[in-house]
There are 4 protein chains.
Amino acid sequence: MEPRKQPAQARSAETVAAIVEAAARILEDKGFRGYNTNDVAARAGVSIGSLYQYFPNKDAITKALLRRETEPLSAALEQAGDAPSLAEGLQRFVQAAVAHQLRRPVLARLLDFEEARLPLQAEVGALGDVGAKALARLLARHGAGRGAAARTASRDLFAIARGMIDAAGERGETDARDLEARVTAAMSGYLDRMKIIAL
Amino acid sequence: MEPRKQPAQARSAETVAAIVEAAARILEDKGFRGYNTNDVAARAGVSIGSLYQYFPNKDAITKALLRRETEPLSAALEQAGDAPSLAEGLQRFVQAAVAHQLRRPVLARLLDFEEARLPLQAEVGALGDVGAKALARLLARHGAGRGAAARTASRDLFAIARGMIDAAGERGETDARDLEARVTAAMSGYLDRMKIIAL
Amino acid sequence: MEPRKQPAQARSAETVAAIVEAAARILEDKGFRGYNTNDVAARAGVSIGSLYQYFPNKDAITKALLRRETEPLSAALEQAGDAPSLAEGLQRFVQAAVAHQLRRPVLARLLDFEEARLPLQAEVGALGDVGAKALARLLARHGAGRGAAARTASRDLFAIARGMIDAAGERGETDARDLEARVTAAMSGYLDRMKIIAL
Amino acid sequence: MEPRKQPAQARSAETVAAIVEAAARILEDKGFRGYNTNDVAARAGVSIGSLYQYFPNKDAITKALLRRETEPLSAALEQAGDAPSLAEGLQRFVQAAVAHQLRRPVLARLLDFEEARLPLQAEVGALGDVGAKALARLLARHGAGRGAAARTASRDLFAIARGMIDAAGERGETDARDLEARVTAAMSGYLDRMKIIAL
DNA sequence: GATGAATGAGGATTCATTCAT
DNA sequence: TATGAATGAATCCTCATTCAT
C-alpha cells in the first residue's frame with residue numbers, strides 16, 4: 001500500500017504529483033463511483049502503466065492523496081497546541097481547520113470518510129487523533145485539567161469543530177471569518193458550560 | 001429509483017423488509033465495498049430475481065434503508081421542535097439523535113455519508129434540513145429570533161450535535177446519558193456565546 | 001479454488017462440462033500461453049460471467065480439468081493393484097496408462113506438468129502417488145517385498161512407465177499394443193534386474 | 001530470438017552470464033509464474049534496458065539458459081555413445097544424466113518442459129534427440145542392431161532414464177550412486193527383455 | 001410471482017518492450 | 001552503452017441487471 005518507487009528524478013516526482021492531483025480532481029468531480037485508476041491516469045496525462053510504476057494499487061493513491069491533504073493540517077493543528085494562550089490556541093486551531101476545509105470542501109469530506117477505511121500505519125495518525133491530542137495539550141498547558149475528562153473534552157471540541165466546518169463546507173459557505181467566529185464560539189461555549197474553563 | 005411496487009400483500013411487505021434489513025447488515029459488516037445486490041438477496045433469503053421485483057435498482061434499496069433509518073428520527077426531531085420550552089426541546093432533540101446513533105452507529109455513519117449522493121426527492125428532506133428546521137422553529141417559538149441569523153444558528157446547532165454524536169458512535173461510546181449531557185452543553189453554550197439566548 | 005456452485009440443474013451441469021472441455025481444447029491448441037479465461041468462455045459458448053459463476057478463478061478450471069482427466073486413470077490404476085497376479089496387474093496398469101495418454105497426449109502432458117503447481121487437496125492424491133501406491137500394493141500382495149526398497153521400486157516402476165508413455169505420446173505414437181509391450185518389458189526387466197521378483 | 005549481439009568484450013559476456021543466471025534463479029524460486037524480464041534484470045543487477053541490449057526478447061533468455069544447461073549434458077551424452085563397451089557406454093550416459101539432474105533439479109524440470117515450446121533451431125537438437133541418437137550409435141557399435149527397432153529401443157531407453165531421473169529429482173533424491181544403479185538396471189533390463197542384447 | 005442462470009461492460013493490475021536521456 | 005521511465009495491450013475478475021423457465 002505504500003508508494004512503490006521513490007521518485008528519483010524530477011520528472012518522476014512530477015508524475016507522482018500529477019497522479020495524486022488527478023485523483024483529487026476526479027474525486028471532486030465524480031465521487032467514489034467515478035474514481036477509477038484508468039481515469040486517474042488519463043487525467044494525469046500518464047499511461048496506466050506509469051501509474052502502477054509509482055503506486056502498487058488504487059488504495060495507495062488514495063492514501064497518498066490523504067496524506068498530501070492531511071499533513072499540512074495536522075502540522076498546523078499540532079502547532080496550535082503550543083500557542084501561548086488558550087484563546088489564541090483555539091483561534092489558530094479553528095483558523096487552520098477552516099482554511100483547510102474551505103479550500104477543497106468536497107475533497108475534504110470524501111477523504112474524511114475514506115480515512116476510516118484506510119489503515120494509515122502509525123506514521124500518520126488519523127486526523128482526529130492528532131487534533132484531539134493537540135487540543136488536550138492546549139488545555140493541559142493552560143490549566144484546564146488533564147485526565148480522562150480532559151481527553152473527552154478535547155475529543156468533543158474536535159468533533160464540534162469538524163461537524164460545523166464540514167457542514168459549512170458542504171453548504172458552500174465561503175466566508176471563513178464568519179465561520180471561524182461561530183466555531184470558536186461553540187468551542188468556548190462548550191468549555192464554559194462543562195466548567196472546564198471560562199474564556 | 002423508487003420501490004417498484006407497493007407491497008400489496010403481507011408476504012411482500014416481509015420480503016421488502018427482509019431485503020432492506022439484509023442491506024443494513026451487509027453494510028455494517030463489510031461497508032460499501034462488500035455491499036452488492038447478490039449478497040443482499042442471499043442474506044435476505046430471497047432470489048436475486050425477487051429482489052429486482054421489489055426494487056428497480058441497487059440505489060433504491062439503499063434509499064429504502066435510508067428512509068427506514070431516517071424517518072423515525074426525522075419525526076422525533078420535528079416533534080422536539082414543538083416542545084413547550086427551549087430547554088426541553090433541546091433535550092428531546094438530543095435524546096432522539098443520540099438514541100438513533102447509538103443504536104446502529106456503523107450503519108448510521110455510512111448512511112449519513114451516502115445521503116449526500118442519493119437525491120431523495122423532496123418528499124423526504126435530508127435529515128440535516130429536517131433537523132435544522134425543527135431547531136429553527138424551536139428557537140423562533142421561544143423568542144430566539146428568526147431570519148438568516150437564526151437559520152444559521154440552527155444549522156450550526158445541528159452540525160454540533162451531529163459532529164459530536166457521530167464521533168461518539170465511531171468511538172464506540174455507549175453511555176447515552178453522558179453523551180446527551182455533553183451535546184446539550186455544547187448546544188446551549190453556543191446559543192449563549194452567540195447571544196442568541198441564555199439558557 | 002473449489003467449484004463455486006454445485007450445478008443444480010441439468011443446464012448448469014452442461015455449462016460446467018462445456019467450460020472444462022473448452023479449457024482442454026485451448027490447452028491442446030495453444031498451450032499455457034494462449035490459455036485465458038476469456039477464450040475459454042468464448043470457446044465454451046458461454047459468457048465470461050457464467051464461467052465465473054461456476055469457477056472462482058482460473059486455477060479452479062484447470063483443477064477441474066485435471067480431476068476430470070486424472071480420476072478415471074487413478075481408479076484404473078488402483079484396480080490394477082488388486083489384480084490376481086503380478087503379471088496381470090502390470091498389464092492392466094500399463095494398459096490403463098497407455099490408453100489414457102494416447103487419448104489426448106498433448107493435454108496429458110500439460111496437465112502432468114501443471115499438477116505440480118496446483119495443490120490438489122488431499123482428496124485427490126497426485127497421480128504419481130496413486131500409481132506408485134497401487135504398484136506397491138501389487139508387489140506386496142505377490143511376495144515382492146514391502147518396506148523402503150519396495151517403495152522405491154514401485155516409484156521407479158511408475159517413473160519408467162510415465163517416462164516411456166509420455167515420450168511416446170509426444171512423438172505421436174498410436175499403436176497402443178506395441179507401446180504396452182515395451183513398457184511392460186521395461187518394468188519387468190527392472191524387477192528382474194533389481195532381483196525383486198522374476199517374471 | 002537469438003542473442004542480439006555477440007558479447008565482444010569481457011564485460012558484456014559477464015552481463016550476459018549474469019542475466020542468464022538470474023533467469024535460472026528466478027525460475028527455481030518462483031516458477032514460470034514469477035518469471036518476468038523486469039525481475040530478471042533486477043536480479044542480474046542490470047537495467048531492463050541493458051537486458052534488451054543483449055536479448056531481443058524474453059524467449060531468447062530462456063533459450064540461452066536452456067542452451068547453457070543443456071549443452072554440457074548433450075556433449076557428455078554424445079561422448080557416452082563412443083564408449084568402448086556397451087556397459088561402459090550406458091554407465092557414462094546415466095552418470096552424466098544423473099549428475100545433470102541432481103545439480104539443479106527444479107531448473108532441469110522446468111527447462112525440460114519449456115524445451116517443447118521453444119523451437120531451438122537445428123543447431124542445437126532437442127536433448128531427447130541427442131540422447132537417443134547417442135544411444136542408437138552405442139547400440140549399433142556394439143552389435144545390438146540398427147534400423148527402426150533399434151531407434152525405438154534407444155528412444156525408450158532415453159525415456160526410461162529421463163522418467164526415472166526426473167522423478168528422483170522431483171522427489172529430492174540426492175544419492176547419485178544409488179539412482180545411477182537403478183537407472184542402469186532398468187535400462188539393461190529393458191534391453192534384455194526386448195532381446196536386443198544381454199548384458 | 002419466484003427463481004437463478006446468464007450476461008457483458010467495467011475496472012484493477014501485470015509485464016514485455018521501447019526510447020528519450 | 002546504460003538507464004529506467006513510460007507505454008498499453010492483455011488478462012483476471014466483479015457485479016448490476018435481465019430473462020427464460
Side-chain angles (χ1 to χ4, degrees), chain A residues 4-5 7-16 33-42 45-59 61, chain B residues 5 8-9 11-12 15 33-42 46-61, chain C residues 5 7-16 33-42 45-61, chain D residues 5 8-9 11-12 15 33-42 46-61:
Chain A
R4 187 172 259 176
K5 158 192 296 192
Q9 305 178 3
R11 186 158 57 122
S12 307
E14 273 171 39
T15 300
V16 166
R33 292 294 232 263
Y35 176 51
N36 65 269
T37 53
N38 287 301
D39 282 7
V40 169
V46 156
S47 73
I48 184 66
S50 288
L51 184 151
Y52 277 94
Q53 293 256 345
Y54 295 105
F55 298 94
N57 53 48
K58 192 183 173 186
D59 274 356
I61 303 172
Chain B
K5 66 176 66 163
Q9 307 169 7
R11 187 151 63 106
S12 303
T15 302
R33 291 295 232 260
Y35 175 49
N36 65 268
T37 54
N38 285 293
D39 281 9
V40 168
V46 157
S47 74
I48 183 67
S50 289
L51 185 150
Y52 275 91
Q53 296 253 333
Y54 292 106
F55 296 94
N57 54 47
K58 191 184 176 186
D59 275 356
I61 303 172
Chain C
K5 160 192 297 196
Q9 306 178 1
R11 186 155 60 122
S12 307
E14 273 171 38
T15 301
V16 166
R33 293 295 232 262
Y35 176 51
N36 65 270
T37 53
N38 287 303
D39 282 7
V40 168
V46 155
S47 74
I48 185 65
S50 288
L51 185 150
Y52 278 95
Q53 293 257 347
Y54 295 104
F55 298 95
N57 54 48
K58 192 184 172 186
D59 275 356
I61 303 173
Chain D
K5 65 176 68 164
Q9 306 170 6
R11 186 153 61 108
S12 303
T15 302
R33 291 294 232 260
Y35 175 50
N36 64 269
T37 54
N38 285 292
D39 280 9
V40 168
V46 156
S47 74
I48 183 67
S50 289
L51 184 150
Y52 275 91
Q53 296 253 331
Y54 292 104
F55 297 94
N57 54 46
K58 191 184 176 186
D59 275 355
I61 302 171

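Throughout, a chain's letter reflects where its sequence line sits, starting with A, and its residues are numbered from 1. Only a predicted model underlies this, so the values are computations on that prediction, with no experimental measurement involved.
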Would you mind reading off the distance between Leu51(C) atom CG and dT11(F) atom P, rounded to a whole angstrom? 15 Å

Atom CD1 of Ile61(C) to atom P of dT11(F): distance rounded to whole Å? 14 Å

Which whole-number value in Å describes the distance from Arg33(C) CZ to dC15(E) P? 12 Å

Taking atom types as they are modelled, is there a donor-acceptor pair under 3.5 Å from the base of dA6(F) to the side chain of Gln53(A)? yes

Kindly give the heavy-atom pair with the smallest separation between Tyr35(D) and Lys58(D), and that separation in Å. O-NZ, 2.8 Å

Earlier contact from the 5' end, DNA chain E, for Gly49(C) and Gly34(A): Gly49(C)

How many Å lie between NZ on Lys58(B) and C1' on dT18(F), as a whole number? 17 Å

Between dT3(F), dT17(F), dA12(E), which one does the side chain of Asn36(A) approach most closely? dA12(E)

Just to confirm, is there a sub-4.0 Å distance from OP1 or OP2 of dA5(F) to any side-chain nitrogen or oxygen of Thr15(A)? no

Given dA6(E), dA16(F), dC13(F), the nucleotide with the shortest approach to the side chain of Tyr54(C): dA6(E)

If you check every side-chain atom of Thr37(A), which of dG8(E), dT18(E), dT13(E) has the closest atom? dT13(E)

Which nucleotide, dA6(F), dA6(E), dA5(F), lies nearest any side-chain atom of Ile48(D)? dA5(F)

Looking at every non-hydrogen atom in both residues, tell me the closest pair between Leu51(D) and Thr37(D) and how far apart they are. CD1-O, 3.8 Å

How close or far is atom P of dA10(F) from atom CG of Asp39(C), stated in whole angstroms? 11 Å

Applying a 3.5 Å limit to both distances, which nucleotide forms a Watson-Crick or G-U wobble pair with dT21(E)? dA2(F)

Contact check, side chains of Phe55(A) and Val16(A), non-hydrogen atoms, under 4.5 Å: yes

Shortest non-hydrogen contact between Asp39(B) and Gly34(B), atoms and distance: OD2-O, 4.3 Å

Nearest heavy atoms of Asn57(D) and Tyr52(D), plus distance in Å: CA-CE2, 3.9 Å

Can you check the Asn57(A) CG to dC13(F) P distance for me, whole Å? 17 Å

What is the separation between atom CG on Asn38(C) and atom P on dG10(E), rounded to the nearest whole Å? 15 Å

Tyr52(A) side chain: which of dA2(F), dT7(E), dT14(E) is closest? dT14(E)

Taking dT11(F), dG4(E), dT17(F) as options, the one with an atom nearest any side-chain atom of Ser47(B) is dG4(E)

Would you indicate, yes or no, if dT7(E) has its OP1 or OP2 atom less than 4.0 angstrom from a side-chain nitrogen or oxygen of Ser50(C)? yes

